[in-house]
J.: 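Just dropping this structure here.
Quick note on labels: first sequence line is chain A, next is B, and so on, each numbered from 1. Predicted model, so just to flag it, every value in this text is computed and none were measured.
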Amino acid sequence: DGGITQSPKYLFRKEGQNVTLSCEQNLNHDAMYWYRQDPGQGLRLIYYSQIVNDFQKGDIAEGYSVSREKKESFPLTVTSAQKNPTAFYLCASSLDRGTKGYTFGSGTRLTVV
Amino acid sequence: GEDVEQSLFLSVREGDSSVINCTYTDSSSTYLYWYKQEPGAGLQLLTYIFSNMDMKQDQRLTVLLNKKDKHLSLRIADTQTGDSAIYFCAPESDYKLSFGAGTTVTVRA
């Protein structure tokens with residue numbers, strides 16, 4: 001079955017460390033997205049990529065970085081410059097706009113200790 | 001991104017209908033989606049409506065769109081305990097989705 005996989009499900013990071021969240025999809029989708037979810041604030045777009053080797057900043061890109069070297073993979077690095085990184089991170093992919101919307105992964109909960 | 005507003009909480013009795021409302025700001029939104037999120041999980045697509053439609057029915061779900069007022073609603077008929085979750089309205093604009101804060105629906109017996 002095709003799907004989108006995020007790992008790990010839970011991640012703990014010490015202050016000052018960079019950490020990378022994995023997102024892999026086997027849906028042959030062109031576009032991939034990273035969202036951050038905080039309680040009471042819904043989802044906010046961090047970065048998105050509509051094609052391999054190209055990506056754009058979303059609304060809250062500061063302190064984050066991404067790469068898109070393969071169609072299947074869109075890893076997100078939370079750098080030490082991100083002042084408040086504790087959150088639930090969701091990755092999504094889409095073939096195109098339209099009837100199927102986005103497919104979401106099950107999320108990674110990052111906690112800074 | 002686009003501004004999307006939803007009420008935060010809704011409590012409904014089992015068997016009654018639930019209505020979740022959403023307002024958005026970008027009149028160029030083409031597709032408007034409803035997603036459901038259960039605790040600790042990702043988002044599941046429930047249904048969608050295209051911007052040139054007023055209404056769409058899909059089993060227990062009815063979506064109404066008032067494009068003039070930029071108002072979207074989701075009605076769940078015969079609400080069940082399994083419908084307890086957070087519901088997100090997500091209009092699409094320029095190939096990107098914007099999300100409201102979500103409406104937490106609690107179904108009581």
J.: Checking Y35(B) against chain A: side chain, backbone, both or neither under 4.5 Å from a heavy atom?
T.: side chain
J.: For K9(A), does the NZ atom sit with more than 12 other heavy atoms under 6.0 Å from it, leaving out its own atoms?
T.: yes
J.: Under 4.5 Å between any side-chain heavy atoms of L45(B) and T103(A), yes or no?
T.: no
J.: Around R13(B), counting heavy atoms of other residues, nucleotides and ligands shown, do more than 12 lie under 6.0 Å from its CZ?
T.: no
J.: Return the minimal non-hydrogen interatomic distance between L97(B) and Y102(A), and the atom names on each side.
T.: N-OH, 3.1 Å
J.: Looking at F50(B), I'd like to know if its CZ atom is crowded, meaning that more than 12 non-hydrogen atoms belonging to other residues, nucleotides or ligands lie closer than 6.0 Å.
T.: yes
J.: When you compare the side chain of Q37(B) with that of L90(A), does any pair of heavy atoms fall below 4.5 Å?
T.: yes
J.: Below 4.5 Å from any heavy atom of chain B, which atoms of Q6(A) appear? Answer side chain, backbone, both or neither.
T.: neither
J.: Going only through I, L, V, M, F, W and Y residues with side-chain contacts under 4.5 Å, is there a path from L45(A) to Y47(A)?
T.: no
J.: More than 12 heavy atoms of other residues, nucleotides or ligands under 6.0 Å from CG of L61(B): is that the case?
T.: yes
J.: Nearest 0.5 angstrom please: E92(B) CD to S94(A) OG, how far?
T.: 7.5 Å
J.: In Å, rounded to the nearest 0.5 Å, how long is the span from CG of D59(A) to OG of S98(B)?
T.: 7.0 Å
J.: Measuring from atom NZ of K96(B) to atom CD of Q56(A), what distance do you get when rounded to the nearest 0.5 angstrom?
T.: 8.0 Å
J.: Look at atom CD of Q44(B) and say whether more than 12 heavy atoms of other residues, nucleotides or ligands are closer to it than 6.0 Å.
T.: yes
J.: Kindly compute the distance separating CZ (F99(B)) from CZ (R44(A)), expressed to the nearest 0.5 Å.
T.: 13.5 Å
J.: Grouping I, L, V, M, F, W and Y whenever their side-chain heavy atoms are under 4.5 Å apart, do V66(A) and F104(A) come out in a common cluster?
T.: no
